[in-house]
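Report on the structure given below.
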Amino acid sequence: MTGRFLGVGATVLLAVVCGAPAAAQVSFSQGGGTYSLQVVSYRDIPFRTVVRQEYDYSCGSAALATLLRYHYGRDVAEHEVFLSMYENGDRQAIERVGFSLLDMKRYLDSHGFQADGFRMTLAALEEAHAPAIVVINLNGYRHFVVVKGLAADRVLVGDPALGLKTYSREEFVGMWNGIAFLIRDSADRFNAVDEWRPFARAPMDRALPTDSLAELTRELPPLYQITTTFSLDPYLR
C-alpha cells in the first residue's frame with residue numbers, strides 16, 4: 001500500500017526460529033519421555049505460503065517474493081526484492097506511491113524471467129492457469145496481492161498484509177482493476193489443495209459424539225493458541 005516507511009516487528013510465542021511464517025519447537029514430557037513438535041502460531045498460519053510485507057508500501061516487493069518463493073521455487077526474501085527494485089527504480093515515486101509493475105518486470109528480467117502485464121477477464125485468468133500478481137482496491141488503497149488459485153465460486157489470494165484469503169468471484173472482480181501480471185514460464189505450484197484447506201467447509205454431517213467432547217481436551221496442556229504444521233512441510237522450510 002502507499003505511505004511512508006513503517007517497520008513492523010514480528011512477535012511470536014515460544015522458542016521461535018525466525019522466518020516467514022515464524023515456526024517454533026515445543027517440547028513436552030510424558031511417560032518418562034521428552035517429545036518435540038514443530039508448531040506455528042495462529043497469527044502466522046495465514047502466512048505459511050505468503051511473504052509478509054515489511055513496510056506499509058512494500059506490498060509489491062512482498063507479492064513478488066511470494067510469487068517467486070512459493071510458485072517458482074526461488075528462495076528470495078522480501079527485503080532482497082525490495083532493495084533491488086528500490087535501488088534500480090524511481091526512488092521518489094516509490095516512496096510516494098510504492099512499487100509499480102514496471103519495477104517488477106525489470107527485476108524479473110534481470111533474473112531470467114520473462115513477465116508481462118495483461119488486461120483480462122477473470123475467466124481468462126482462470127484459463128491461463130498460472131499465479132498472477134494483481135492490484136486490488138482495499139478501502140481506497142491500491143494493493144498488490146497474488147492470485148494463487150480459483151474455484152467455482154471463490155478466488156484464493158496471497159495478501160502480503162493479511163496472508164491467505166479467499167473472496168467470492170463477485171467480490172474479487174469488484175476490487176480488481178482487470179490487470180494481471182504473469183510470468184510466462186510454467187509455475188511449479190498453482191491452485192494447490194493445501195493452500196485451500198484452511199478454508200474448507202466444516203463436515204457438519206459428521207459431528208463428534210457428545211460423550212467424546214470432554215475426553216477430547218481433558219488431558220491436553222493449555223496450548224490452544226498453537227497448532228501443528230507437520231502436514232505443511234516442506235513449504236515452511
Side-chain angles (χ1 to χ4, degrees), residues 1-12 18-22 41 43-72 74-111 113 115-120 125 130-148 155-167 171-183 195:
M1 294 183 182
T2 59
R4 57 185 177 80
F5 267 115
L6 181 63
V8 179
T11 302
V12 185
C18 292
S41 72
R43 175 182 179 272
D44 287 317
I45 287 174
F47 288 92
R48 69 190 190 282
T49 58
V50 179
V51 175
R52 192 196 305 266
Q53 65 187 80
E54 296 183 23
Y55 308 101
D56 62 352
Y57 67 83
S58 68
C59 59
S61 54
L64 187 52
T66 296
L67 185 69
L68 291 174
R69 181 187 296 180
Y70 295 112
H71 298 277
Y72 287 89
R74 296 294 182 92
D75 188 18
V76 296
E78 193 260 359
H79 70 271
E80 297 174 24
V81 179
F82 180 98
L83 288 175
S84 178
M85 292 199 297
Y86 184 72
E87 290 173 356
N88 293 287
D90 184 336
R91 300 185 184 186
Q92 290 186 339
I94 292 169
E95 292 180 12
R96 187 174 67 256
V97 298
F99 293 112
S100 68
L101 292 179
L102 180 58
D103 294 318
M104 297 182 196
K105 179 175 174 59
R106 287 170 174 165
Y107 176 90
L108 290 170
D109 285 345
S110 69
H111 287 77
F113 288 99
D116 292 289
F118 302 89
R119 182 173 294 280
M120 59 201 316
L125 181 58
I133 293 177
V134 302
V135 179
I136 61 174
N137 187 314
L138 285 180
N139 300 318
Y141 288 94
R142 294 170 60 254
H143 186 51
F144 286 111
V145 299
V146 179
V147 175
K148 287 175 159 283
V155 178
L156 174 67
V157 304
D159 187 319
L162 303 173
L164 285 171
K165 188 172 178 60
T166 63
Y167 295 98
E171 286 178 306
F172 180 80
V173 169
M175 297 184 296
W176 179 37
N177 67 355
I179 301 296
F181 183 71
L182 297 96
I183 293 176
E195 293 189 303

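A quick note: this is a predicted structure, and the numbers were derived from the prediction, not measured.
Residues Asp103 and Tyr86 are not in side-chain contact: their nearest non-hydrogen atoms beyond the backbone lie 4.5 Å or more apart. Proximity of Phe172 to Val134: side-chain heavy atoms (C-beta onward) are separated by under 4.5 Å at one or more points. Side-chain contact between Glu78 and Arg52 is absent, with no heavy atoms from C-beta onward closer than 4.5 Å. Between Val155 and Val147, the closest side-chain pair of non-hydrogen atoms falls below 4.5 Å. Side-chain atoms of Phe181 and Val135, non-hydrogen and from C-beta on, never get closer than 4.5 Å to each other. At a threshold of 4.5 Å between non-hydrogen side-chain atoms, the residues Ser61 and Phe99 count as touching.
Between Tyr72 and Phe113, the ring planes are perpendicular. Angles over 60° get that label, and only those under 30° would be called parallel.
Here the closest heavy-atom approach between residue Arg69 and residue Ala77 is recorded as NH2-CA, 3.5 Å. When all heavy atoms of Ala180 and Leu125 are compared, the closest pair comes out as CB-CD1, 4.1 Å. In terms of heavy-atom proximity, Ile136 sits nearest to Tyr167 at CD1-OH, 4.4 Å. Nearest approach of Ala130 to Leu182, heavy atoms of both residues: CB-CD2, 4.0 Å. Leu67 approaches Pro131 most closely through the heavy-atom pair CD1-CB, 3.6 Å. Counting all heavy atoms, side chain and backbone alike, His143 lies closest to Asp159 at NE2-OD1, 2.7 Å.
Qualifying side-chain contact (heavy atoms from CB on, under 4.5 Å) partners for Val76, counting only residues two or more places apart in sequence or in other chains: Ala65, Leu68, Arg74, Glu80, Val81, Tyr107. Residues passing the side-chain contact (heavy atoms from CB on, under 4.5 Å) test with Asn88 are Ser84, sequence neighbours excluded.
Formation of a donor-acceptor pair under 3.5 Å by the Thr166 side chain with backbone atoms of Leu156 is not found in this model. Without hydrogens or angle criteria, Lys148 side chain to Thr49 main chain gives a donor-acceptor distance under 3.5 Å.
A distance of 10.0 Å separates SG of Cys59 from CD1 of Ile133, quoted to the nearest 0.5 Å. If you take CG on Asn177 and CZ on Arg142, they are separated by 7.5 Å, rounding to the nearest 0.5 Å. Atom-to-atom distance recorded for Asp116:CG and Leu108:CG is 10.0 Å, nearest 0.5 angstrom. Distance check: Lys105 NZ to Ile183 CD1 gives 10.5 Å after rounding to the nearest 0.5 Å. With rounding to the nearest 0.5 Å, the separation of CZ in Arg48 from OH in Tyr70 is 10.0 Å.
Taking the ring centroids of Tyr55 and Phe82, they lie under the 6.0 Å cut-off.
Looking only at atom types and distance, the side chain of Gln53 has no donor-acceptor partner in the side chain of Ser58 under 3.5 Å away. Neither side chain, Glu95 nor Tyr57, offers a donor N or O lying under 3.5 Å from an acceptor on the other.
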